[in-house]
Each structure stands twice: as C-alpha cells, then as structure tokens.
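Note sheet for the following structure.
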Amino acid sequence: MSTWLRDETPLYPADAIGEAAHDHTARVTPQGAGWLASASPYPQSTLALWRAKPTAPAVAPCGTAFDVVNVPGIFGRRMLDRLWSEGPGSGPVAFHRGRMLLFAAPGTAQRLPSLLDWEEWGASVPPLLCHGIGDAITIPPLTTPDPVGPDAGQPATGPRWVVAPDSRHPWLPGPEALLWARVRAARAVDAASVRISIFPSPDQDAKVYDVSRRR
C-alpha cells in the first residue's frame, strides 16, 4: 500500500503564494483521496493509478463531487484569508501555475457568474474562472517526492496543496460564500476605486488558516 494512504503523510507547504507560505501546511488523508477519486466515473481505477504514481499530479473532472473557482494567486490568497479570518473557512484549495484553485460545491460554476454580475468591479480586480460540468482540473500529487536525491531541499514546483482534502465528505463553500470573499478581497485591493454596495470594511489580512475550523 502506498505511503499516501497514511494519515501522517505530509504534502508540500504553500510556498509559492507569498507571505502565507510559511504559516500553513496541509496533508491529504485516505478519506480525502477517496473523495477526490469519487469525482471520476471509475474511482477504484483512479485510486489504483494514484497508488502506482503517488507523487505525480493527476487530472480530475469537475461538476459532480466539486466545482473549482480559479483565481490569480495573490487575489486568491486574499479571498482565502477572508474566508478563514472572517468567514466560514474553506474547502480544499490548491495552487497551480500562479493561480489559486478553490474547490467549491457542485453547481457553483453555474451560479457564481450570475451573482458576480450584480457587483461593480474596478479594473484592478481580476476575473474568476469557474470550472464545472464538462471541465477538468490538474490536482496536486497526493504525497511528496522522496526527500533524498539531487533535488532534496529544493523548493517545490508544480501543483501543490494549500488546504488538502482530509475528509470523505468535506464542507465546500457555495457561490454565496465565494461572492462574499471576493467582495471583501476587492475592498482590500482598491477600496478607493471599487464601489462595493454591501459589507463593512474588512480587518487586516489574516495569514494563518486554522484547519480546526473547517466545516
């Protein structure tokens, strides 16, 4: 049985997302791996492939077990800070190619864009990309590579977990929670030029995600 099936298996820290890098690490659990595999039409075959290559990224379809909201890294970190410091927390979160991937409740990709149309955004606020039915995303490896060899001690590259799945039935934010987080993050980016009609001014950025609060 592969090492990624052990609860103590650590994953990469979120070392590529700025100041929050050293404040939070995450690990995938057997239950979390089962949840990710449930997104596939053939979950047992998917788990078998991951056992064979536990340190390789994988591809998972969206729209059944989860949707994904894809945000530029810095703005995504601000959204994540808001979700943890002032809101309900988050579901699993990954980082890939400079972008934050927030796993969300199925149906979010369809509903969130229409909710966003109700708000007015400044040019400094980047658009969100929503992945739902018919889309697939790259997920990080389920375990770290062997820490020995020529690359030992080098910064991790490629996709990695910021908040890894650790439950067979994780709580996932819906479109309303992600809209709220974007509104709060937008105020932090450009309060002078972005007109937000709801919610008071946010507090200072949070940099530690207390995973004991996860739903």
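In what follows, every heavy atom counts, from backbone to side chain, and hydrogens, waters and symmetry copies are set aside.
- Looking at every heavy atom in both residues, Ala65 comes nearest to Ser38 through CB-OG, 3.8 Å.
- For the residue pair Arg78 and Ala185, the shortest heavy atom distance occurs at CB-CB, 3.9 Å.
- Under the 4.5 Å side-chain contact rule for hydrophobic residues, Leu115 and Phe75 share a cluster.
- When ring centroids are compared, Trp171 and Phe66 stay outside the 6.0 Å threshold.
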Met100 and Met79: CA distance, side-chain angles, deciding distance, side-chain contact (heavy atoms from CB on, under 4.5 Å) verdict
CA-CA 10 Å; Met100 197 83 77; Met79 288 181 61; over 6 Å; no
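- Taking hydrophobic clusters as Ile, Leu, Val, Met, Phe, Trp and Tyr residues chained together by side-chain heavy-atom distances below 4.5 Å, Leu178 shares a cluster with Leu116.
- Rounded to the nearest 0.5 angstrom, Arg187 CZ and Arg82 CZ are separated by 10.0 Å.
- Partners of Arg111 according to the salt bridge (charged side-chain N to carboxylate O under 4.0 Å, His left out) rule, which considers only residues two or more places apart in sequence or in another chain, are Glu176.
- Linking Ile, Leu, Val, Met, Phe, Trp and Tyr residues whenever their side-chain heavy atoms come within less than 4.5 Å leaves Val93 and Leu129 in two separate clusters.
- Side-chain contact between Val69 and Leu112 is present, with heavy atoms from C-beta onward closer than 4.5 Å.
- A donor-acceptor pair is defined here as one N or O able to donate and one able to accept, closer than 3.5 Å; such a pair exists between the side chain of Arg99 and the backbone of Asn70.
- For Ser90 against Val163, the heavy-atom pair with the smallest separation is OG-CG2, 4.2 Å.
- Here the CG-CH2 distance, from Asp166 to Trp161, works out to 10.5 Å after rounding to the nearest 0.5 Å.
- Judged by distance alone, the side chains of Asp67 and His131 never bring a donor and an acceptor atom under 3.5 Å apart.
- In the displayed structure, Arg168 atom CZ is contacted under 6.0 Å by more than 12 heavy atoms of other residues, nucleotides or ligands.
- The line from CZ of Arg51 to CG of Leu142 is 11.0 Å long, rounded to the nearest 0.5 Å.
- When side chains are defined from C-beta on, Val28 counts as touching Pro165, because their heavy atoms get closer than 4.5 Å.
- Pro88 places none of its side-chain heavy atoms less than 4.5 Å from the side chain of Pro173.
- Looking only at side-chain heavy atoms (C-beta outward), Ser167 and Trp35 stay at 4.5 Å or farther from each other.
- A donor-acceptor pair is defined here as one N or O able to donate and one able to accept, closer than 3.5 Å; such a pair exists between the side chain of Thr46 and the backbone of Tyr42.
- Residues Thr64 and Pro106 fail the side-chain proximity criterion, which asks for heavy atoms closer than 4.5 Å.
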For Leu83 and Leu102: C-alpha separation, side-chain torsions, deciding distance, then whether side-chain contact (heavy atoms from CB on, under 4.5 Å) applies.
CA-CA 11 Å; Leu83 285 168; Leu102 290 84; 3.9 Å; yes
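- Taking CZ from Phe103 and SG from Cys62, the interatomic distance works out to 7.5 Å, rounded to the nearest 0.5 Å.
- Closest heavy-atom contact between Pro113 and Gln110: CD-O, 3.8 Å.
- Considering all non-hydrogen atoms of both residues, Leu172 and Gly91 come closest at CD2-CA, 4.2 Å.
- Summarising the geometry of Pro159 relative to Thr138, their closest heavy-atom pair is CG-CG2, 4.1 Å, with the distance given to 0.1 Å.
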